[in-house]
Amino acid sequence: MRRQLQTLVQRKFKVLLLLLLLLALLLHVTMDFAFPATRRLCSCDAKAPEALGTPSGSPLLPSPEKLSLRILQDFSGSNGSLEKSSQLQGAGPWKKNGDVEIQDRHGDISPAWVKGSKLAALFEHPLYNIPLPEVKDKDKLFVVNPMEKFSPQSSGSDEWVSSSKAETVLPTGKTAYDTYPAWLKFHVGINRYELYPRRDPVMPTLLQDLATMKIVGSVQKSGGTQLKLIMTFPNYGQALFKPMKQSRDQETPADFFYFSDFERHNAEIAAFHLDRILDFRRIPPVSGRLVNITKEIRDITTDKKLAKTFFISPGVALEEKGHHAIALCVCHGEHLHLVQSSTCALSPMPAGNVCFYGECSYYCSTEHALCGKPDQLEGSMAALLPDKALAKRRSWRSPWRRSYHKSKKAEWELDPNYCVQVRRTPPYDSGHRLLDLIDMAVLDFLMGNMDRHHYETFEKFGNDTFLLHLDNGRGFGTHSRDEMSILAPLQQCCSIKKSTYLRLRLLATEPYRLSELLREALAADPLAPILAEPHLRALDRRLGKVLAAVGRCLATAARSHQVLVDDTGPWL
């Protein structure tokens, strides 16, 4: 009897278990049909090292077969340094039938500056609201899946997870796009016509991140003539750090060659804001920042070569050299060098300033070390562009490149009709490339930057796109002299975009004076004041010379449209 009862119970249990399994299967099938948007996009194992972006010793490139949103970490070593680069892979259009549209970055939003300011009024002016062509998928640098959620791993390890299981609409009512950090929103917003929109809601947040976010990685950037660092943040954003090398009121000596000048951190900051005021928007966002050399560079760097260049400054040590006292000292805590005693305060200084000099082609030695007060150092933090493995860029040699020789001159300096030759040479023989180059020359002249030997474009867009205005550290070095040769593209070609000319004229009027607008823009930076007043006054003087150059072209041209090329209608 007992055996029969046990057998009956076992049979009932098996039937019940089978029914439960059938019910679960039926429920799963029903949910698949009812909610197709929540189906998994790929069959990757989320725990696999490749999916998590763990160090592999080589860049992780996008799969050509099936792309989904992934911000993969590029652990590519260069000269013993660990340099991480955020990488992005795109797949699927911004929106499909049935998908939720990702936030439109071109919608009407409040300006970043306070209402009533001159900057706010400037950006409301009709010249700053000329519509761009419709941005299609082919015009976007990245086409991303609107379901892909950015989800940093909570374990605190050097990994992240991009969850393909995330619902299109999150429980809070936000889209997956809202989970992206500011640097990623900046990257996915780049298109054929602009680096970022005029009214970009991401910009204030991105500038704030550059100025305040915790630094978790610091290595020296390979290449270049002067020391620069790559800083990494906890959200896997990265920035290019250019340290302070001289005070704001120091002018470049007249007998300095342009290729031996210092790169200035405040020039990078001012160039970004000037580029925005001119409505070019071709310089990546830059913010000033006070960095702790000890905690945010020395103690966290994985760059062994950089680590070997740190030392503690010895303070003041006088040594008699003929009739002058020479001091090995830290002038205002900026950089270590030999100076005459008359140029550096020789009052007793406590030793113990943290210094380093790195490795580079120029100015990387104990004589040009970067020192803190005692370990606080100013610098510019520029948001990095997407990794070249994901968004290839092409470097172009500027037709008006200087010779970079102490006695030889470039061809354009000897031939006043040089522009005729340029106009016959691709890509300057069609489209708006030459006009974009003239825009860049205007920007450089206003800054006094003589070091524009190359420029870059995103390869995806071919020749029909804007120019990237990178490396502006040699601007704002002089305010008492105006280098007219920088304007050679404008003077020799006698052409300029009509929109650029009209904005320059607007910026020469009292309500929108250029110096006042830039002063207001720079006042919000953490390191303000960024420029000495003579540099701001020089902007207005140089702007007048640009307008005068255009005026001379108009006076000699048979027709005005040959000088002022109309770009306010359809895209050129």
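Along the sequence shown, the residues carry numbers beginning at 1.
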Exam field: side chain Asp275 to backbone Arg282, donor-acceptor pair closer than 3.5 Å: yes
Flag, side chain of Asp525 to backbone of Gly288, donor-acceptor distance under 3.5 Å: yes
Leu240 and Ile230, any side-chain heavy atoms less than 4.5 Å apart: yes
Heavy-atom donor-acceptor pair, Trp183 side chain to Asn235 backbone, under 3.5 Å: yes
Lys545 atom NZ: more than 12 heavy-atom contacts under 6.0 Å: yes
Worked verdict on Ile190 versus Phe142 for side-chain contact (heavy atoms from CB on, under 4.5 Å): CA-CA 8 Å; Ile190 300 171; Phe142 296 113; 5.9 Å; no
Pro234 vs Met213 side-chain heavy atoms within contact, under 4.5 Å: yes
Full working for side-chain contact (heavy atoms from CB on, under 4.5 Å) between Thr232 and Ile215: CA-CA 6 Å; Thr232 304; Ile215 298 172; over 6 Å; no
Ring geometry between Trp396 and Tyr455 (parallel below 30°, tilted from 30 to 60°, perpendicular above 60°): parallel
Plane angle bin for His479 and His535 - parallel if under 30°, tilted between 30 and 60°, otherwise perpendicular: perpendicular
Exam field: side chain Arg281 to backbone Glu194, donor-acceptor pair closer than 3.5 Å: no
Straight-line distance of Lys245 NZ to His368 NE2, nearest 0.5 Å: 10.5 Å
Residue pair Thr500 / Leu435, side-chain heavy-atom distance below 4.5 Å: no
SB check Glu456 Arg393 (cutoff 4.0 Å): yes
Gap between atom CG of Leu119 and atom CZ of Arg519 - 0.5 Å precision: 11.5 Å
Qualifying residue for side-chain contact (heavy atoms from CB on, under 4.5 Å) with Val354, from Leu377, Asp375, Asn292: Asp375
Min side-chain heavy-atom separation Met381-Phe233 under 4.5 Å: yes
Ser218 side chain vs Met231 backbone, donor-acceptor pair below 3.5 Å: no
Nearest heavy atoms of Leu210 and Ser287, plus distance in Å: CB-CB, 4.0 Å
Parallel, tilted or perpendicular, as decided by the 30° and 60° cut-offs, for the rings of Phe272 and Tyr196: tilted
Phe466 and Leu468: CA distance, side-chain angles, deciding distance, side-chain contact (heavy atoms from CB on, under 4.5 Å) verdict: CA-CA 7 Å; Phe466 62 90; Leu468 289 164; 3.7 Å; yes
Donor-acceptor contact below 3.5 Å, side chain Arg452 vs main chain Ala441: no
Reported CE-to-CD distance for the pair Met203 and Gln208, which is rounded to 0.5 angstrom: 14.0 Å
Heavy-atom side-chain proximity of Asn266 to Leu527 below 4.5 angstrom: no
Evaluation steps, side-chain contact (heavy atoms from CB on, under 4.5 Å), between Leu278 and Leu446: CA-CA 11 Å; Leu278 294 174; Leu446 294 174; 4.0 Å; yes
Electrostatic pair Arg248:Glu378 at N-O distance under 4.0 angstrom: yes
Arg401 side chain near His454 side chain, heavy-atom distance below 4.5 Å: yes
Gap separating the NZ atom of Lys214 from the CG atom of Asp209, nearest 0.5 angstrom: 15.0 Å
Heavy-atom pair of closest approach, residues Tyr357 and Thr366: CE2-CG2, 3.7 Å
Residue pair Leu306 / Gln220: nearest heavy atoms and the distance that separates them: CD1-OE1, 4.0 Å
Residue pair Ser380 / Val286: nearest heavy atoms and the distance that separates them: CB-CG1, 3.9 Å
Side-chain donor/acceptor of Ser403 to backbone N/O of Lys408, under 3.5 Å: yes
For Ser485, the option from Glu413, Gln491, Arg402 that meets side-chain hydrogen bond (donor to acceptor under 3.5 Å, both in side chains): Arg402
Pro284 to Leu385 - nearest heavy-atom pair and separation: CG-CD2, 3.9 Å
Test log, rule salt bridge (Lys or Arg N to Asp or Glu O under 4.0 Å), inputs Lys118 and Glu520: CA-CA 8 Å; Lys118 290 189 176 183; Glu520 180 184 338; over 6 Å; no
Rounded distance (nearest 0.5 Å) linking atom OG of Ser117 with atom CG of Leu517: 8.5 Å
Close side-chain approach of Tyr177 to Lys185, heavy-atom, < 4.5 Å: yes
Under 3.5 Å donor-acceptor, Asn449 side chain and Asp451 backbone: yes
Short side-chain to backbone donor-acceptor contact, Asp482 and Arg542, under 3.5 Å: no
pair Asn472-Leu274: side-chain heavy atoms closer than 4.5 Å: no
Short side-chain donor-acceptor distance under 3.5 Å, Thr301 and Asp303: no
Gap separating the CD1 atom of Ile438 from the CH2 atom of Trp400, nearest 0.5 angstrom: 6.5 Å
Shortest non-hydrogen contact between Pro243 and Leu227, atoms and distance: CD-O, 3.6 Å
Passing candidate, side-chain contact (heavy atoms from CB on, under 4.5 Å) with Phe476, options Leu531, Leu536, Ile269: Leu531
Backbone N/O of Leu141 and side chain of His187: donor-acceptor pair under 3.5 Å: no
